[in-house]
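Step one of this worksheet: look at the structure below.
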Amino acid sequence: MIGKNKQCTGCSMGKMVRTMGIVFLLCAGSAAATEVAIQVVQHGGASDSVNTAVFLIEDELLNSFFSAGFIVTNMPAVVSGADRVLNLKLVDESAAVGAEYAVQINVYIDVAQSRNPETISLADITQVVWVATTIASGTAVEGTTHKPSALQNDERSIRQYASNVARQIINVL
């Protein structure tokens with residue numbers, strides 16, 4: 001009887017050690033998640049404020065990065081200024097919050113032929129240029145996503161386009 005009790009205690013202790021090991025690995029994995037700071041910059045448009053479609057793009061970018069396992073911070077979406085100045089500010093602010101990467105997504109809009117310049121549609125987006133900067137080294141990778149192929153202006157199409165942009169960025173991080 002005594003031997004059986006000792007064996008059961010050892011068996012129970014072994015399960016507990018394995019369980020603690022699994023919990024440790026899960027915690028270590030989540031602690032090692034990469035943090036990225038994102039800012040969307042709108043270039044062009046008829047308004048001085050960020051358009052709803054650009055906010056949808058920002059929202060989907062954040063969702064896509066989060067779903068891919070990144071810890072995501074965003075700086076407020078803005079209407080264009082000098083790209084280089086905005087990117088340097090983003091890198092500085094990203095470093096301050098402890099992010100490993102700063103990603104600036106520039107959404108270029110041409111409303112010259114637009115039916116409604118106040119409401120940007122996917123058809124008004126000429127391209128998206130993004131810059132991903134590694135905070136520790138200061139090295140940057142740039143990518144371009146061209147005019148969306150889906151010219152519908154529904155939320156689903158805008159989110160799908162933004163999701164494709166996010167995949168391109170995630171693949172280089």
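Residue numbers start at 1 and run along the sequence shown.
The closest side-chain donor-acceptor pair between Asn74 and Glu58 falls under 3.5 angstrom. A donor-acceptor contact under 3.5 angstrom links the side chains of Thr73 and Glu35, judged on distance only.
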Show the atom names and distances, to 0.1 Å, of all donor-acceptor pairs under 3.5 Å that link a side chain in residues 125-135 to residues at least two apart or in another chain.
from: Thr126; atom 1: OG1; to: Tyr108; atom 2: O; distance (Å): 3.3

Would you give me the side-chain donor-acceptor pairs under 3.5 Å for residues 160-173, sequence neighbours excluded?
from: Gln160; atom 1: NE2; to: Asn164; atom 2: OD1; distance (Å): 3.3
from: Tyr161; atom 1: OH; to: His146; atom 2: O; distance (Å): 3.1
from: Ser163; atom 1: OG; to: Arg167; atom 2: NH1; distance (Å): 3.3
from: Asn164; atom 1: OD1; to: Arg167; atom 2: NH2; distance (Å): 2.1
from: Asn164; atom 1: ND2; to: Gln160; atom 2: O; distance (Å): 3.4
from: Gln168; atom 1: OE1; to: Thr145; atom 2: OG1; distance (Å): 2.6
from: Asn171; atom 1: ND2; to: Arg167; atom 2: O; distance (Å): 3.1

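Taken from CD in Gln39 to CG in Asn106, the straight-line distance is 9.0 Å, to the nearest 0.5 Å. Atom-to-atom distance recorded for Leu61:CG and Leu56:CG is 11.0 Å, nearest 0.5 angstrom. The distance from atom CZ of Phe55 to atom CD1 of Ile158, rounded to the nearest 0.5 Å, is 13.0 Å. Within the model, atoms CD of Gln104 and NZ of Lys89 stand 11.5 Å from one another, a figure rounded to the nearest 0.5 Å. Remark: Thr34 OG1 to Phe65 CZ distance equals 11.0 Å, nearest 0.5 Å.
In terms of modelled atom types and a separation under 3.5 Å, the side chain of Gln42 and the main chain of Gly44 share a donor-acceptor contact.
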Next item on the list: Test side-chain contact (heavy atoms from CB on, under 4.5 Å) on Val40 and Val54 and set out the steps.
Entry: CA-CA 8 Å; Val40 177; Val54 175; 3.5 Å; yes
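With contacts defined as side-chain heavy-atom distances shorter than 4.5 Å, the pair Val79/Asp48 does not qualify. Met75 has its side chain within reach of Ser94: a pair of non-hydrogen atoms, C-beta onward, lies under 4.5 Å apart.
Residues Tyr101 and Val91 do not share a hydrophobic cluster, clusters being chains of Ile/Leu/Val/Met/Phe/Trp/Tyr side chains in contact below 4.5 Å.
Nearest heavy atom pair, residue Ala102 against residue Leu90, reads CB-CG, 3.9 Å. Between Thr139 and Ser137, the shortest heavy-atom distance links the atoms OG1-OG, 2.8 Å.
When the shell of 6.0 Å around CZ of Phe66 is examined, it contains 12 or fewer heavy atoms from other residues, nucleotides or ligands.
Considering Ile57, Asn63, Leu62 in turn, Asn63 is the only one that fulfils the side-chain contact (heavy atoms from CB on, under 4.5 Å) rule with Glu60.
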